[in-house]
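Here the structure is a predicted model, which is why all the values come from computation and not from measurement.
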Amino acid sequence: MTYSIEKVTTLIGARRYGTKNAQIGFILTDSRSLCFPEETLFFALVTDRNNGHHYIPELYQRGVRNFVVSAVPVGYDKLYPEANFLKVVDTRKALQRLAERRRDEFDIPIVGITGSNGKTMVKEWLYQLLSPQFYVTRSPRSYNSQIGVPLSVWLMNEQTQVGVFEAGISKPGEMNALRDIIQPTIAVLTNLGDAHQENFGLIEDKCREKLILFHDAETLIYPADDEIISKVITEYDYPGERLYWSMKDKEAPFFVKFVEKKETMTTVTYIYKGKEDWYSLPFIDEASVVNSIVCAIVSLHLGVTPDVLDQRMQQLEPVAMRLEVKEGQHGCTLINDSYNSDINSLDIALDFMNRRPDHQGRSRTLVLSDIDQSGREASELYREVSNLAVKRGVTKLIGIGPQLTEQQDAIKVTQKYFFPTVEAFIKSGVFQALRDEVILLKGARRFGFDSLSELLEQKVHETILEVNLNAVVDNLNHFRSFLKQSTKLVCMIKADAYGAGAVEIAKTLQDHRVDYLAVAVADEGVTLRKNGITANIMVMNPEMSSFKTLFDYDLEPEVYSFRLLEALVKAAEKEGITDYPVHIKLDTGMHRLGFDPNNDMERLIERLKHQDAIIPRSVFSHFVGSDSDDFDDFSARQFALFDMASKQLQAAFQHKILRHIDNSAGIEHFPERQLDMCRLGLGLYGIDPRNNQVINHVSTLKTTILQMRMVKAGDTVGYSRKGKIEHDSMIAAIPIGYADGLNRRLGNRHGYCLVNGQRAYYVGNICMDVAMIDVTGIDCKEGDQVEIFGDHLPVTVLSDTLETIPYEVLTGVSNRVKRVYYQD
């Protein structure tokens with residue numbers, strides 16, 4: 001479903017510069033995700049932190065010829081002779097307008113989903129329930145924002161019979177645009193919660209904002225038992241059908257009469273349109289039950305019969321809306337996205353794999369199952385799969401399922417293999433030969449990709465550190481929001497990215513275009529370079545023996561003393577190097593490392609000017625107490641000293657020398673001292689150093705229960721009989737100890753972990769590899785998950801208990817603990 005460039009120009013009300021004919025099939029807002037340049041229309045979005053117009057030269061070189069801009073490049077006819085530029089006042093509004101016009105072409109049921117929680121699960125389950133009967137176009141992953149919604153609606157095509165789209169808001173005024181784009185015929189409100197509440201006055205205000213989505217909908221679905229929702233809805237003169245549900249009101253259009261939970265299954269008995277029926281689903285948690293009720297109402301409203309609904313509900317699969325990155329066997333890296341298989345989520349997963357640099361050029365392998373219920377001709381579908389795979393750099397495709405096997409001639413990837421089942425693939429020589437590859441697993445669960453992932457995954461003990469890459473980006477953007485557009489940012493990833501794993505964190509930060517990465521020693525920088533990191537890397541503590549390594553791997557050292565300066569100049573001159581960038585450290589009060597601003601500047605400038613081996617790229621210092629108001633006077637003296645000395649250094653050179661002194665705490669505390677660049681450390685990993693509170697939690701340390709036993713009163717647990725049991729207790733052993741980074745001072749009931757959301761105190765001395773916890777009264781069993789710190793038990797609780805700082809806890813997690821990275 002393509003549009004001519006003339007039609008696009010008319011639809012968005014643009015003025016066109018350029019005369020080339022073009023058909024637009026893809027829209028792009030992120031230059032890193034380019035796949036089909038010939039049919040792509042790039043919207044040069046302008047934000048507080050970025051400007052899409054900067055990427056026009058690169059995209060033109062890569063084959064893009066059509067651009068929506070708010071400013072036409074000077075000399076465009078000579079610089080870009082083959083291009084069309086569509087000039088508008090606001091490129092984001094133009095994107096939204098184009099999506100609106102796309103939506104106008106469809107007279108079909110459109111489900112718009114909003115709410116504080118459950119939007120994505122409802123959307124995905126609706127897809128599972130409806131797609132056997134309808135061709136459904138839905139939002140990919142969590143594309144529910146001002147940019148995500150128009151990108152989602154654009155995916156509708158001639159075959160679409162039902163659209164299902166999320167609408168997420170974070171502040172007042174955002175829902176109007178989303179309503180105009182989605183124009184739902186069926187509007188669903190899942191619930192109300194605390195998410196983004198800080199941007200609204202009362203929770204009623206947030207409810208009113210969400211209800212804007214429902215304005216012109218034919219049918220409104222909402223939980224009537226929520227008093228706030230019911231109260232606000234009564235304020236509206238809503239003319240459409242109110243298809244609300246209730247567990248209390250027997251007169252509700254959808255009355256939930258009874259919910260019966262068994263060990264692994266829930267049965268919901270309901271009355272809809274005067275008739276009693278029921279369905280069963282393979283989940284027992286409260287959120288799943290509530291979300292299933294919403295899905296049932298929508299499905300029945302769209303014509304799914306109660307019997308068919310029951311059948312499909314029983315087949316619902318969990319929604320794991322995240323890409324996981326794990327270390328695999330035989331030098332492989334696994335990207336696991338096997339919760340479903342459809343063309344849009346495949347493209348996103350391939351883009352994720354393609355955008356992550358890899359050392360030594362390892363080949364990219366796609367293991368893909370049949371794509372079920374696409375509603376498209378198989379030959380057409382798998383030709384598109386082939387095009388996506390080739391464009392995204394896949395060199396080997398392993399197809400699993402009868403459809404892919406039958407359509408193998410449509411796949412044009414260099415190496416390709418096909419198997420009827422996962423079991424057949426596992427038994428083959430192709431599986432045994434997987435070595436040194438980046439492998440994307442993308443398949444519907446019915447094909448058993450979980451077992452495939454388990455076999456490919458590197459086997460380690462059951463303690464893992466989960467790292468949320470989305471949270472890293474959210475924290476990055478949180479601190480960026482305090483910065484002026486011109487202020488650069490250095491992200492600290494020393495100490496293996498504060499225990500989170502430097503390579504994957506660096507890949508994520510590089511993908512989001514940070515200006516500098518900073519490590520402690522040269523070897524840390526070498527590891528990054530060998531894993532495909534091309535960003536600028538600063539080395540904070542260069543050793544005298546590492547100069548050759550610095551030069552070979554383009555690592556920029558901090559220089560803090562005349563001894564180091566002389567040795568570095570000598571080493572560079574010996575290598576025939578000139579103008580090698582370095583970063584000058586000034587000691588304004590930390591008294592750790594650095595030149596003395598009062599006494600060393602003249603000598604330092606003199607020495608720097610009488611050599612050409614190195615050149616100062618930046619000059620910086622470090623606040624001693626930017627996290628506390630108590631030290632504001634001292635911080636002011638530090639800044640005055642730094643300001644004077646750094647200006648003195650700059651005055652001696654014609655080139656620009658970046659000045660930076662603000663750290664994570666300083667970014668918020670001293671916004672007027674941002675200068676040219678700031679350094680983001682602990683804040684990147686989710687801890688606000690000003691108040692020791694969690695911003696967005698990045699790392700979760702978890703393990704499992706190995707064994708449980710009843711210990712009688714009067715007995716003891718652990719070494720040296722320290723864990724005295726005062727009453728009969730259920731004691732569980734977990735596979736984590738001080739060799740993994742679990743501090744021994746947490747033992748003997750000084751600290752606790754969480755088992756199924758409940759506190760379980762450490763009993764006795766913590767051992768090297770095992771700890772014991774008291775689970776008396778907690779509903780748990782062997783194999784259940786245990787959270788050491790994470791989303792529900794902040795790392796700051798542990799650091800406060802240990803009377804230390806979060807840095808120590810995070811960096812103390814041993815390298816023998818497997819890191820699992822994921823992205824929503």
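- The backbone N or O of E174 sits less than 3.5 Å from a side-chain atom of E209, completing a donor-acceptor pair.
- In this structure, a donor-acceptor pair under 3.5 Å is present between the side chains of S280 and T267.
- Judged by distance alone, the side chain of T160 and the main-chain N or O of M156 form no donor-acceptor pair under 3.5 Å.
- Residue L151 holds its CG atom at 9.0 Å from CZ of F43, rounded to the nearest 0.5 Å.
- Legend: residues meeting salt bridge (charged side-chain N to carboxylate O under 4.0 Å, His left out) with K87, ordered by chain and number and at least two apart, are absent.
- Between G399 and L404, the shortest heavy-atom contact is CA-CD1, 3.7 Å.
- Put simply, the side chain of E241 never gets that close to the backbone of E218: no donor and acceptor are under 3.5 Å apart.
- Considering all non-hydrogen atoms of both residues, Q96 and A177 come closest at OE1-CB, 3.8 Å.
- Between D409 and R383, none of the side-chain N atoms (NZ, or NE/NH1/NH2) sits under 4.0 Å from a carboxylate O, so this pair counts as no salt bridge.
- To the nearest 0.5 angstrom, L309 atom CG is 5.0 Å from L300 atom CG.
- Side-chain atoms of Q314 and D310 form a donor-acceptor pair, as typed in the model, at a separation below 3.5 Å.
- In summary, the side chains of E39 and Q23 do not present any donor paired with an acceptor at a separation below 3.5 Å, with no hydrogens or angles considered.
- How far CD1 of I233 is from CD1 of I228: 12.0 Å, rounded to the nearest 0.5 Å.
- No side-chain donor-acceptor contact under 3.5 Å links K396 to the backbone of R364.
- The two residues T190 and G115 make their nearest non-hydrogen contact at OG1-CA, 3.4 Å.
- Pairing each heavy atom of D225 with each of K248, the nearest pair is OD2-N, 3.7 Å.
- In this model, a donor atom of one side chain and an acceptor atom of the other lie less than 3.5 Å apart for N84 and R16.
- Between L316 atom CG and L129 atom CG the span is 5.0 Å, to the nearest 0.5 Å.
- Side-chain contact between L243 and L220 is absent, with no heavy atoms from C-beta onward closer than 4.5 Å.
- Side-chain atoms of S292 and Y279 form a donor-acceptor pair, as typed in the model, at a separation below 3.5 Å.
- Side-chain contact between I212 and F214: absent, with no pair of heavy atoms (C-beta onward) separated by less than 4.5 Å.
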Handout entry: From CA spacing to verdict: side-chain contact (heavy atoms from CB on, under 4.5 Å), I398, F425
Key = CA-CA 9 Å; I398 298 166; F425 170 46; 3.7 Å; yes
Practice task
Take L381 and I371, measure what side-chain contact (heavy atoms from CB on, under 4.5 Å) needs, and give me the verdict at the end.
Solution key: CA-CA 9 Å; L381 173 66; I371 296 178; 4.0 Å; yes
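- For an aromatic pair to be called close, the ring centres must be under 6.0 Å apart, and Y270 with F255 fails this.
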Problem - Trace of the side-chain contact (heavy atoms from CB on, under 4.5 Å) decision for I27 with L95 - result: CA-CA 9 Å; I27 55 178; L95 170 66; 3.7 Å; yes
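- Using cut-offs of 30° and 60° for the angle between ring planes, the F42 and F67 rings count as perpendicular.
- Side-chain contact between I182 and I110: present, with at least one pair of heavy atoms (C-beta onward) separated by less than 4.5 Å.
- For the residue pair Q183 and D104, a side-chain donor N or O sits within less than 3.5 Å of a side-chain acceptor on the partner.
- Atom CZ of R97 is separated from atom OG1 of T91 by 15.0 Å, given to the nearest 0.5 angstrom.
- In this structure a side-chain-to-backbone donor-acceptor pair under 3.5 Å is present from S386 to K412.
- Considering CG of N21 and CD1 of I5, their distance stands at 10.0 Å, rounded to 0.5 Å.
- When all heavy atoms of V232 and C207 are compared, the pair lying nearest together is CB-SG, 3.8 Å.
- Side-chain atoms of T269 and E276 form no donor-acceptor pair, as typed in the model, at a separation below 3.5 Å.
- Counting heavy atoms from C-beta on, the side chains of L346 and L366 come closer than 4.5 Å.
- Under the 4.0 Å criterion applied to side-chain N and carboxylate O atoms, R101 and E105 are not assigned as salt-bridge partners.
- Tested against L350 for a side-chain contact (heavy atoms from CB on, under 4.5 Å), the candidates D337, V385, I335, L440 yield a single pass: L440.
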Problem - Working for side-chain contact (heavy atoms from CB on, under 4.5 Å), residues F447 and T421 - result: CA-CA 7 Å; F447 286 92; T421 63; over 6 Å; no
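- Closest heavy-atom contact between V367 and F449: O-CE2, 3.5 Å.
- In this structure, a donor-acceptor pair under 3.5 Å is absent between the side chains of N291 and S288.
- Taking 4.0 Å as the cut-off between side-chain N and carboxylate O, D180 and R103 do not count as a salt-bridged pair.
- Within the 4.5 Å cutoff, no side-chain heavy atoms of Y244 are placed close to those of I297.
- In this structure a side-chain-to-backbone donor-acceptor pair under 3.5 Å is present from T234 to K231.
- Checking each of K119, K123, R138 against E166 for a side-chain hydrogen bond (donor to acceptor under 3.5 Å, both in side chains) leaves exactly one that passes, namely K123.
- Each of E377, E406, Q408, Q403 was evaluated against Y382; a single residue qualifies, Q403, per the side-chain hydrogen bond (donor to acceptor under 3.5 Å, both in side chains) test.
- The shortest distance between side-chain heavy atoms of P140 and L155 falls below 4.5 Å.
- Within the 4.5 Å cutoff, the side chain of E100 has heavy atoms near those of the I181 side chain.
- Using a 4.0 Å cut-off between charged nitrogen and carboxylate oxygen, E286 and K261 count as a salt-bridge pair.
- Looking only at distances, no side-chain donor or acceptor of T266 sits under 3.5 Å from a matching main-chain atom of K262.
- If you look at W125 and F283, their ring centroids are closer than 6.0 Å.
- More than 12 heavy atoms of other residues, nucleotides or ligands sit less than 6.0 Å from atom NZ of K7.
- Side-chain contact check for R312 and Q133: at least one donor-acceptor pair (N or O, by modelled atom type) lies under 3.5 Å.
- Between R102 and L11, the closest side-chain pair of non-hydrogen atoms is not below 4.5 Å.
- You'll find the ring centres of W154 and Y143 outside the 6.0 Å limit.
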